[in-house]
**Q** 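First the structure, which I've put down as structure tokens, then a few questions once you've had a look.
Proteins come first, then strands; the chains are lettered A, B, ... in the order of their sequence lines, and each starts at number 1.
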Number of protein chains: 2
Amino acid sequence: MAKWTIKDIAKKAGVSITTVSRVLNRKEEGMSAQTREKVLRVIEELEYQPNRLARGLVTKQSKLIGLIVPTISNPFFPELCRGAEDEANKYGYSLVICNSDASAEKEERYIKILKEQQVDGIILSSQSGLSSASLDRHSKNLHYVLLDRMEREKVPGVFLENEEGGYLAGQHLIQLGHKKMACITGPESIKNSRDRLKGFKRALKEVGLEPTIIREGDFSLESGYSHAKEILENENVSAIFTCNDLMACGVYRAAHEMGVGIPQDISVIGFDDIPLISALIPKLTTIRQDTYMMGRKSAELLIQQIEHGKTDFTIFSPTLVVRESTAYVKTGEETIK
Amino acid sequence: MAKWTIKDIAKKAGVSITTVSRVLNRKEEGMSAQTREKVLRVIEELEYQPNRLARGLVTKQSKLIGLIVPTISNPFFPELCRGAEDEANKYGYSLVICNSDASAEKEERYIKILKEQQVDGIILSSQSGLSSASLDRHSKNLHYVLLDRMEREKVPGVFLENEEGGYLAGQHLIQLGHKKMACITGPESIKNSRDRLKGFKRALKEVGLEPTIIREGDFSLESGYSHAKEILENENVSAIFTCNDLMACGVYRAAHEMGVGIPQDISVIGFDDIPLISALIPKLTTIRQDTYMMGRKSAELLIQQIEHGKTDFTIFSPTLVVRESTAYVKTGEETIK
DNA sequence: TTGTACGCGTTATCAG
DNA sequence: CTGATAACGCGTACAA
């Protein structure tokens with residue numbers, strides 16, 4: 001029951017600690033099967049577990065990976081975590097998850113703590129370019145990958161073709177005949193949301209439409225709600241593209257309160273395809289990213305980097321998932337009036 | 001930029017490592033301010049960070065806390081994580097978050113890994129009584145608290161008065177005049193859901209009503225959906241109590257598909273008050289638990305236990321939050337017929 | 001095939 | 001007030 005050390009095992013098995021260590025680490029190498037068995041039995045019996053701190057001290061590997069996310073409350077990120085965790089576990093790593101509350105300062109603090117904790121690498125889903133830059137400063141002795149948030153080009157990490165996603169959204173609405181559309185973006189400071197908007201605009205421009213109403217949100221449900229309310233009151237649009245699903249939820253709420261029907265009166269299209277939107281009525285049409293797989297991939301890339309020094313990046317493509325919240329634009333009274 | 005050790009600092013500052021260590025650990029104790037300054041300057045200059053593995057090896061403290069949750073995908077748990085993390089950070093601990101997928105086997109595996117990782121303690125939100133029992137076996141050398149899931153009495157941890165919650169739900173529906181109600185529970189194996197049902201039944205019994213339709217769900221949106229569908233098709237009830245919000249979402253979907261209006265045709269009441277239900281239309285009436293605070297409290301209790309050996313437990317009380325999904329039962333045609 | 005002895009970076013004990 | 005030095009638990013050359 002107490003905590004046994006390798007010494008205890010050695011003594012009890014009547015061998016040296018070296019031998020025990022060998023049994024522990026090297027799979028099948030030179031040693032009599034007999035000795036091996038003996039040691040194994042003692043280990044089993046005492047429920048011995050090696051101390052990773054001590055092991056890490058000599059091997060320089062903590063088998064810990066840090067994962068920093070901006071807002072664990074957005075269901076997008078738990079999926080990312082799940083993926084990263086599953087993959088990390090496969091390779092014997094554990095995940096230290098940190099929630100930065102989208103604060104650059106907190107990010108910096110976490111990076112520092114994680115380094116102290118001797119993590120073998122960090123997966124950073126950064127809100128601010130700031131701390132990814134600071135990661136960079138330390139990159140000589142720290143492996144890291146960026147996840148989902150890329151502020152600069154050519155950095156190791158996992159990203160999404162955000163512009164393509166925006167483009168898909170625009171294209172879809174256009175095909176449904178919409179002419180006057182609004183977009184509720186994420187923070188201007190985040191490249192992801194800039195790109196989504198850019199793609200959206202490009203789709204419109206291709207058919208000679210000017211991008212219309214644009215409002216800057218902050219990826220929160222509340223910001224989607226308030227912007228939608230304002231838009232529905234003051235502007236004459238037949239569709240709204242929100243740069244994430246959470247804001248689309250806000251649009252739903254606003255529309256409901258104002259008696260505006262989705263999709264009869266207004267089409268709504270989101271971005272992310274977070275699990276919970278299956279609860280929305282009508283079902284939300286959205287731009288899907290494979291969040292879980294992106295999480296996995298980020299861990300895979302990081303571990304590749306840790307174990308084989310390969311720095312690489314992967315770009316995922318979003319897909320359009322058509323459900324019930326978008327429809328052909330109304331002809332007749334509304335538009336003619 | 002390289003990784004400096006305490007030795008490097010000592011050499012560069014022209015003192016012994018002992019002195020450096022003193023500066024690092026003991027706040028203001030005996031040493032000339034001059035020496036102190038000198039060391040501090042070098043530390044600053046080299047951006048030296050102590051190695052927690054080495055430190056942990058001698059102090060027997062990793063400053064790591066393990067947190068095991070069953071399903072990070074249920075928005076209930078990220079909130080719990082946030083709370084636990086914030087509190088842990090306050091005391092200089094980091095959180096290793098593990099997602100057990102509600103599998104007892106995975107829980108066991110994680111406990112083992114966490115112990116190897118030398119965590120100072122574990123917060124377990126267990127799905128199965130199994131692994132909490134196994135934690136118990138190791139409790140001599142492992143601090144732990146249970147969170148949200150209590151299978152036995154008198155264990156350190158943070159819990160909710162689940163029965164009271166169920167009672168509140170029942171009482172609320174009764175006050176609205178409902179007579180025939182259904183309950184979609186969580187897994188029978190989980191005490192939480194048994195208690196919620198028990199409380200619900202008690203409320204009904206108090207006014208001479210028999211508990212009516214009961215279906216065993218599994219806390220997932222899908223199970224809420226399918227049970228609701230079946231209930232709405234075959235049973236004549238005016239209200240449904242689901243033992244968590246996720247399942248209530250499923251009920252919403254089922255109701256919508258079948259053209260059943262909430263709350264005009266059927267009242268729905270959930271449990272948890274997860275953040276995202278503000279996206280539901282109409283707003284969900286539910287039994288609220290202060291998830292974030294429960295997370296915080298669990299970390300606080302664990303740290304108390306680690307640092308002062310106090311084992312304790314805290315019980316939170318749920319509250320009824322009336323919103324829009326419950327209404328007075330229809331009189332007239334329906335009930336008279 | 002097995003064991004001895006050293007080092008990993010840090011704290012703690014005990015002299016000076 | 002400061003500095004050797006012995007742990008902590010483990011992996012690994014090197015020796016036997």
Side-chain angles (χ1 to χ4, degrees), chain A residues 2-40 42-43 46-64 92 113-120 141, chain B residues 2-40 42-43 46-64 92 113 115-120 141 307:
Chain A
K3 268 188 186 171
W4 305 109
T5 76
I6 200 172
K7 256 185 208 159
D8 301 316
I9 308 298
K11 194 187 294 176
K12 189 138 187 181
V15 298
S16 76
I17 58 169
T18 314
T19 305
V20 178
S21 178
R22 280 207 190 89
V23 174
L24 248 32
N25 299 302
R26 305 203 247 254
K27 307 286 172 195
E28 290 295 345
E29 253 158 79
M31 72 186 57
S32 75
Q34 197 182 350
T35 315
R36 191 182 171 65
E37 276 309 315
K38 199 168 45 182
V39 174
L40 245 25
V42 178
I43 289 179
L46 264 46
E47 300 187 26
Y48 165 73
Q49 294 189 321
N51 180 328
R52 291 227 189 183
L53 296 192
R55 182 181 280 183
L57 197 53
V58 26
T59 61
K60 309 278 187 197
Q61 293 209 352
S62 64
K63 289 293 179 182
L64 245 33
I113 291 175
L114 290 173
K115 284 189 68 180
E116 273 189 34
Q117 210 70 257
Q118 307 299 115
V119 295
D120 296 333
N141 18 287
Chain B
K3 269 188 184 172
W4 304 110
T5 76
I6 201 172
K7 260 185 205 158
D8 301 315
I9 306 298
K11 195 186 296 176
K12 190 139 184 179
V15 299
S16 77
I17 57 170
T18 311
T19 305
V20 178
S21 179
R22 278 207 191 91
V23 173
L24 249 31
N25 298 304
R26 302 203 247 256
K27 306 286 172 195
E28 291 297 344
E29 253 159 79
M31 73 187 55
S32 77
Q34 198 182 349
T35 315
R36 191 184 171 65
E37 278 307 315
K38 200 166 46 182
V39 174
L40 245 26
V42 178
I43 288 179
L46 266 45
E47 300 187 26
Y48 164 74
Q49 295 191 320
N51 181 327
R52 290 226 190 183
L53 296 192
R55 182 180 281 184
L57 194 54
V58 28
T59 62
K60 310 277 188 198
Q61 292 210 352
S62 64
K63 288 294 178 180
L64 246 33
I113 291 176
K115 284 189 70 180
E116 273 190 33
Q117 211 67 259
Q118 306 299 119
V119 295
D120 296 333
N141 17 288
E307 299 188 346

**Q** Are any of the side-chain heavy atoms of B:N25 and B:R55 separated by less than 4.5 Å?
**A**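 Yes - at least one pair of side-chain heavy atoms lies under 4.5 Å apart.
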**Q** Over how many whole Å does the gap from B:L53 atom CG to C:dC8 atom P extend?
**A**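 Answer to the nearest Å: 15 Å.
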**Q** Mind calculating the distance between CZ (B:R55) and C1' (D:dG9) to the nearest angstrom?
**A**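 After rounding, the gap between these two atoms is 18 Å.
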**Q** Looking at residues 5-14 of chain A, who's got a heavy atom less than 4.0 Å off DNA chain D?
**A**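 Here the set is A:T5, A:I6.
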**Q** Output the rounded distance in Å from CH2 (B:W4) to P (C:dG9).
**A**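 About 13 Å, once rounded to whole Å.
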**Q** Decide yes or no for B:T5 and B:D8: does some side-chain heavy atom of the first lie under 4.5 Å from some side-chain heavy atom of the second?
**A**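 When only atoms from C-beta onward are counted, B:D8 and B:T5 do touch, with a gap below 4.5 Å.
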**Q** So, taking the atom named CD in A:E116 and the one named CD in A:Q118, what distance separates them when rounded to the nearest 0.5 Å?
**A**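 Interatomic distance, A:E116 CD to A:Q118 CD, rounded to 0.5 Å: 8.5 Å.
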**Q** Hey, are B:S21 and B:T18 close enough side-chain-wise for a donor-acceptor pair under 3.5 Å?
**A**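 The criterion, which ignores hydrogens and geometry beyond distance, is not satisfied for B:S21 and B:T18.
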**Q** If you measure from CG on A:L114 to CZ on B:R52, what distance do you get to the nearest 0.5 Å?
**A**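 Atom-to-atom, A:L114:CG and B:R52:CZ are 9.5 Å apart.
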**Q** Flag yes if more than 12 heavy atoms outside A:K12 fall under 6.0 Å of its NZ atom; otherwise flag no.
**A**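 No, the 6.0 Å shell around NZ holds no more than 12 heavy atoms from other groups.
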**Q** Measure CD/A:E116 against C1'/C:dG9 and give the value in whole Å, please.
**A**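 Those two atoms, CD and C1', are 13 Å apart.
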**Q** C:dC8 C1' sits how many Å from B:L57 CG, rounded?
**A**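 Atom CG in B:L57 sits about 9 Å away from atom C1' in C:dC8.
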**Q** Would you tabulate the nitrogen or oxygen pairs shorter than 3.5 Å linking the protein to nucleotides 13-15 of chain D?
**A**
none

**Q** Under 4.0 angstrom, heavy atoms only, what part of the nucleic acid is B:V15 near: base, sugar-phosphate, or nothing?
**A**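 Touches sugar-phosphate only.
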**Q** Answer yes or no: is there a side-chain heavy-atom contact under 4.5 Å between A:T35 and A:V23?
**A**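 Side-chain contact under 4.5 Å: no.
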**Q** Rounded to whole Å, how long is the line connecting atom NZ of A:K60 with atom P of D:dT12?
**A**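 Rounding to the nearest Å, NZ of A:K60 and P of D:dT12 are 13 Å apart.
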**Q** Rounded off to whole Å, could you give me the CG-to-P distance for the A:N25 and D:dT12 pair?
**A**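 Spelled out: CG on A:N25 to P on D:dT12 is 6 Å.
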**Q** Taking the nucleotide of DNA chain C with the nearest heavy atom to each, does A:T35 or A:I17 sit closer to the 5' end?
**A**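 Nearer the 5' end of the strand: A:T35.
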**Q** State, yes or no, whether a side-chain contact exists between B:W4 and B:V42 at a heavy-atom distance under 4.5 Å.
**A**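 Not in contact.
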**Q** Please pick, from D:dG9, C:dT11, D:dT2, the nucleotide with the shortest atom-to-atom distance to any side-chain atom of B:S32.
**A**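 Minimum distance to the B:S32 side chain belongs to D:dT2.
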**Q** Could you state the atom-to-atom distance from CD of B:Q118 to P of C:dT10 in whole Å?
**A**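 Result: 18 Å.
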**Q** Specify the angle, to 10°, made by the local axes at the two ends of the helix from C:dT1-D:dA16 to C:dG16-D:dC1 when five pairs are taken at each end.
**A**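 Inter-axis angle at the ends, rounded: 40°.
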